[in-house]
Amino acid sequence: WYVRESTVEMLGKVMSGNDVSTEVRQEWFKSLLPLLKDENWYVRRSAVEALVKVVSGNGVPAEVRQGWFKSLLPLLKDEDYYIRKSAVQALGEVVSGDDASIVMKRKAFESLLHLLEDCYYVRRSAVEVLGKVVSGNDVSTEVRQEWFKSLLPLLKDWYYVRSAAVEVLGKVVSGND
């Protein structure tokens, strides 16, 4: 497991450069998918962390983002909280681009809402990504209202989560997202 984990970690660092083509990113993404189901959680964690690096960056075609998006959704239910948190971050990278569809943003919104009741580590990441999902002019007023209502209870949460909720609420409400 150590060799698999170290290899994934090293390649994730290589793939994080902006000079990596979309085609190479797609191939690397495909090669990571089996490692997301590895029996060793260290390997799964490294694979998800590498995914965050692979999916970040601009200029990725919408159909590629859609494929990445579908592959990340099951990870939101992984038994390991760190994998759920990293999957949330990767999902945030996928849906925060200007070319992310409103359908994809809505599905991300729905998928992330239940994570607001997860452990504080995952809740904070979900709060931050939900802020990315609802920012922009293409999100309906109804979705923003639902998002706002879902964050209100988190203003009484532990400081780590509460501070993220306050920051995100401030940015989105003020339009500085």
Side-chain angles (χ1 to χ4, degrees), residues 1-101 103-133 154 157-158 160-161 163-164 168:
W1 69 264
Y2 183 74
V3 172
R4 291 190 314 273
E5 188 254 350
S6 297
T7 302
V8 168
E9 192 174 305
M10 186 267 311
L11 287 171
K13 289 177 183 176
V14 170
M15 294 304 295
S16 65
N18 284 334
D19 57 338
V20 179
S21 72
T22 300
E23 293 77 25
V24 172
R25 286 178 191 262
Q26 280 181 275
E27 288 305 313
W28 178 230
F29 186 90
K30 288 176 189 173
S31 68
L32 281 173
L33 291 179
L35 295 172
L36 297 173
K37 296 176 183 167
D38 196 277
E39 72 275 357
N40 186 285
W41 63 274
Y42 281 114
V43 175
R44 289 197 323 271
R45 280 186 180 186
S46 292
V48 173
E49 287 175 353
L51 278 177
V52 173
K53 294 173 183 168
V54 170
V55 301
S56 61
N58 295 322
V60 178
E63 64 274 3
V64 174
R65 284 182 182 271
Q66 186 69 30
W68 291 351
F69 179 79
K70 288 178 182 176
S71 299
L72 290 168
L73 289 178
L75 297 176
L76 298 175
K77 297 178 182 174
D78 194 275
E79 65 200 33
D80 186 285
Y81 74 89
Y82 191 84
I83 291 172
R84 291 192 307 274
K85 177 203 168 282
S86 297
V88 167
Q89 291 173 322
L91 198 64
E93 292 295 331
V94 171
V95 300
S96 65
D98 293 336
D99 53 354
S101 73
V103 173
M104 206 163 56
K105 285 185 175 188
R106 180 64 190 187
K107 180 67 176 167
F109 178 80
E110 293 166 357
S111 300
L112 291 170
L113 277 181
H114 79 278
L115 294 175
L116 295 177
E117 298 175 12
D118 206 312
C119 70
Y120 73 89
Y121 201 52
V122 176
R123 282 196 313 270
R124 180 180 173 103
S125 289
V127 166
E128 292 168 346
V129 171
L130 281 167
K132 289 181 179 181
V133 169
L154 298 177
D157 205 320
W158 189 59
Y160 184 71
V161 177
S163 62
V168 169

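- Shown here for D118 and R123, the closest heavy-atom pair between the two residues is O-NH1, 2.5 Å.
- Two residues are said to be in side-chain contact when any heavy atoms from C-beta on lie closer than 4.5 Å; Y42 and Y2 fail this criterion.
- Counting heavy atoms from C-beta outward, D78 and R44 have side chains that approach closer than 4.5 Å.
- With contacts defined as side-chain heavy-atom distances shorter than 4.5 Å, the pair L130/L116 qualifies.
- Rounding to the nearest 0.5 Å places OG of S21 at 14.0 Å from CH2 of W28.
- Using cut-offs of 30° and 60° for the angle between ring planes, the Y160 and Y121 rings count as parallel.
- Two residues are said to be in side-chain contact when any heavy atoms from C-beta on lie closer than 4.5 Å; L76 and R84 fail this criterion.
- Counting all heavy atoms, side chain and backbone alike, V133 lies closest to A108 at CG2-CB, 4.2 Å.
- Ion pair E128/K132 not flagged as a salt bridge, since none of the NZ, NE, NH1 or NH2 atoms sits closer than 4.0 Å to an Asp/Glu carboxylate oxygen.
- In terms of heavy atoms, S86 sits closest to V48 at CB-CG1, 2.8 Å.
- Closest non-hydrogen pair, A50 versus L32, comes out as CB-CD1, 3.9 Å.
- Using a 4.0 Å cut-off between charged side-chain N and carboxylate O, E27 and K30 make a salt bridge.
- Contact record, R124 with V161: N-CG2, 4.2 Å, taken as the closest heavy-atom pair.
- Of all the heavy atoms in S71 and L33, the pair that sits closest is CB-CD2, 3.7 Å.
- The distance from atom NZ of K77 to atom CD1 of I83, rounded to the nearest 0.5 Å, is 15.5 Å.
- With rounding to the nearest 0.5 angstrom, the CG atom of L35 is 11.0 Å from the NZ atom of K37.
- L51 places none of its side-chain heavy atoms less than 4.5 Å from the side chain of E93.
- Counting heavy atoms from C-beta outward, Y82 and E49 have side chains that approach closer than 4.5 Å.
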Candidate pair E5 and N40, rule side chain to side chain contact (heavy atoms under 4.5 Å, CB included), full reasoning: CA-CA 9 Å; E5 188 254 350; N40 186 285; 5.9 Å; no
